[in-house]
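Heads up: the structure comes next, in structure tokens.
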Number of protein chains: 2
Amino acid sequence: MQGTPTLEDVARVAGVSRATVSRVINGIRNVAPDIQETVQQAIATTGYVPNRAARSLVTRRTGSVALVVSGAGGDVGGEPFESQVFADPFFGRVAGGAVAFLRPRGIHPVLMFAETAHARDQVIGYLRQGSADGALLVSTHGEDPLPRLIVEAGLPAVLWARPARPTPISYVDLSHRAGAELAADRLVARGCRRVATISGPFDVRASQDRLSGFQDAMARYGHPYIPGVEGNFTHDSGEAGMHRLLAEHPDIDGVFAANDLMAQGALLALREHGRAVPDDVAVIGFDDSSAATACRPQLTTVRQPMEDMAGEMARLLLAHIEDPDFQVTSVIFPPALVVRQSA
Amino acid sequence: MQGTPTLEDVARVAGVSRATVSRVINGIRNVAPDIQETVQQAIATTGYVPNRAARSLVTRRTGSVALVVSGAGGDVGGEPFESQVFADPFFGRVAGGAVAFLRPRGIHPVLMFAETAHARDQVIGYLRQGSADGALLVSTHGEDPLPRLIVEAGLPAVLWARPARPTPISYVDLSHRAGAELAADRLVARGCRRVATISGPFDVRASQDRLSGFQDAMARYGHPYIPGVEGNFTHDSGEAGMHRLLAEHPDIDGVFAANDLMAQGALLALREHGRAVPDDVAVIGFDDSSAATACRPQLTTVRQPMEDMAGEMARLLLAHIEDPDFQVTSVIFPPALVVRQSA
DNA sequence: GCACGGGCGGAGAGCGCTCTCCACCTCGTG
DNA sequence: CACGAGGTGGAGAGCGCTCTCCGCCCGTGC
């Protein structure tokens, strides 16, 4: 009995068979209370910990899921992909929400990135070799081929956001259109009449929805044309976008940015142009991220309950893992407007 | 031959033994080229993927490491710990740096949090049951008991930052004192004469080192007394700290904050008091995080090569895993001053 | 021409666990 | 008092892989 103790060792100490120890550990079937006690004793004295690999081998479960951040197909210039991912606090909140749900269930997420074809293969391979029971997938770009690959491989997975092309896979999303409407309502209610928008990249579905939802809502208010520029969700693109917007439409009095980081950038540009926020120009962001309260004036923004959404993803994934016939499901969360000072 | 193909299946298709297929896959010993070819063929046609659990069972390696974020001993009020962790972009960069090193080696990090005694036990148990080969440990508080627990359990691990109490465990750290000196040099060179500091929490070693390093350097410049307030690395604490500092020492003309988030908060407070940065008051932050460029004026800050440091942690960890007798090592990185507009 | 060595494939023993039988024992019942 | 039902523990067969032996065969040297 050297090295790590095994079931065998515990069984010997307790004077029972391996099977009985296994039963006690897994709480399966009745085992007489006194024997249970003896076994617990033996486990304690030997310091036994079940070997995960051995257990996985027979149960076909690992007790871990992949948390995959997936990019487009192309290569990423400049900074490595991993660093980019974390630049936006977005991913951190999703990870946190997922962990909050998974951890009490003894499941741990394995961090993976899939920005290139090679990396995608690695992810699929990882899943197929049974290193994780399923995947939580966050795509940063619309045309991500990974969801399809996963479906083809028949692996359990849940997406963050509706896939660009219809794919039979469960997902959790926000009603982006409803969020954009909230922003439009607020801007109009404040009396803004010349409203513009800084959208996210067009190849991201959420960007499209936020943009069109905003445009439609404004159209209903009698503003059929809304000037807009395309950003890429970064601080800098928001700043640059706002400069462009001001150059072309100096009389703007309201801006809806597709995320807080860009709204924050817009604030900077506005200040540079001497516009007071919210008096001259009202600004609304999206996400209610930490950036929203880190700038002055603090941002009025559309709140996305990311942690809850991520938790729901985890819940759905476990359901899929548990029951392979679990119906493909989508859950859409409602947004909420958080009013602060910028609008 | 249904379900997932196994080694056996491949062997049958290729007309060789299991052992030979295993050799081809793992590249061990010479296998005649033509047989190698046949085996590769068979692997392709069967779509074989080695089962990780089975392999782990015999190799005693999992190909994954735990990435543990560890808190103090107490409970965490308000937001759940997971969310807090990601509020600061710090952790994201560390994770990114580690992944950049591990991924090419086919190793994936498992995300874990250890903020309570129960969670710590879970981490230790997870490691002991062989679910991960080792741990990369980032402590957010000084008196974290986890390093000691890990050492006692004889598990391979590498820390971010020197442990509060001497522990025989490898770690990677920054020369915080050198970084603080850089800040002092800059402030003095700009002509600041009434300098103050917003430090991090005193129970974090890095905070102490930055503070004492700064004080010592300023003392050498003939400023034996440096007013200071204690923050907790958040934006808000920086803002509040700056207000306090200005109330007590209205003539301050230079501030060294122990991280960028607090420096950013200080900027806000200074603006509110009508002080121009850097002309009235120069501000220097620490970390060179994304926050440094997201504010105006952009922050002059002490750069900590986090990604490289995290990569080094991963390198050391793999060395420890590879060779259990690998000597306990510490690697100290030098900081660099990044000059922007705030000082 | 024969012994010997080296290269190379196969057989088989586990790694530590779960889970399906199966056997036993104790009740309760006719 | 015999018998069946139901509850409990044990035996043993794998899960899919790696790795140590072993043995075969061919080439080389004396």
Tell me the interatomic distance from [X], atom [atom1], to [N], atom [atom2], rounded to whole angstroms.
X: A:I25; N: C:dC19; atom1: CD1; atom2: C1'; answer: 14 Å
X: A:L7; N: C:dT18; atom1: CG; atom2: C1'; answer: 9 Å
X: A:E8; N: C:dG16; atom1: CD; atom2: C1'; answer: 9 Å
X: A:L57; N: D:dG14; atom1: CG; atom2: P; answer: 14 Å
X: B:D34; N: C:dG9; atom1: CG; atom2: C1'; answer: 12 Å
X: B:R12; N: C:dG10; atom1: CZ; atom2: P; answer: 14 Å
X: B:R55; N: C:dG16; atom1: CZ; atom2: C1'; answer: 18 Å
X: B:N26; N: D:dC19; atom1: CG; atom2: P; answer: 7 Å

OP1 or OP2 of [N] under 4.0 Å from side-chain N/O of [X]:
X: A:N51; N: C:dC15; result: no
X: A:S17; N: D:dA11; result: no
X: B:T6; N: D:dC15; result: no

Exercise for the section: Check the pair B:E115 / A:R103 against salt bridge (Lys or Arg N to Asp or Glu O under 4.0 Å), numbers first and verdict last. Expected result: CA-CA 12 Å; B:E115 78 285 20; A:R103 190 159 59 138; 3.0 Å; yes

Exercise for the section: Scan side-chain atoms only and decide if A:D9 and A:T46 contain a donor-acceptor pair under the 3.5 Å cut-off. Expected result: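 No, no side-chain donor-acceptor pair sits under 3.5 Å.
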
Practice task
Using only heavy-atom distances, decide whether a donor-acceptor pair under 3.5 angstrom links the side-chain of A:R23 to the base of D:dG10.
Solution key: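 Pair found.
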
Practice task
Using a 4.5 Å cut-off on heavy atoms from C-beta on, say whether the side chain of A:I321 contacts that of A:V65.
Solution key: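 They are in contact (side-chain heavy atoms under 4.5 Å apart), so the answer is yes.
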
Minimum-distance nucleotide to [X] side chain [options: [options]]:
X: A:T59; options: C:dT18, D:dG9, C:dG9; result: C:dT18
X: B:A19; options: D:dT18, D:dC19, C:dG16; result: D:dC19
X: A:Y48; options: D:dG16, C:dC17, D:dA11; result: C:dC17

Exercise for the section: Check every strand shown and say whether B:A32 touches a base, only sugar-phosphate, or nothing at a heavy-atom separation below 4.0 Å. Expected result: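 Sugar-phosphate only.
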
Problem - Sugar-phosphate only, base, or nothing, as touched by A:R18 at under 4.0 Å among non-hydrogen atoms - result: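 Base contact.
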
Problem - Any donor-acceptor pair under 3.5 Å from B:T167 side chain to B:R165 backbone - result: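 It does hold such a pair.
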
Practice task
State whether the side chain of A:D133 and the backbone N or O of A:T62 hold a donor-acceptor pair below 3.5 Å, judged by distance alone.
Solution key: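 Confirmed, A:D133 side chain pairs with A:T62 backbone.
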
Problem - B:R52 vs A:T20, nearer the 5' end of DNA chain D by closest nucleotide - result: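 In this pair, the answer is A:T20.
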
Problem - 5'-most by nearest nucleotide on DNA chain C - B:V16 or B:A54 - result: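 The answer here is B:V16.
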
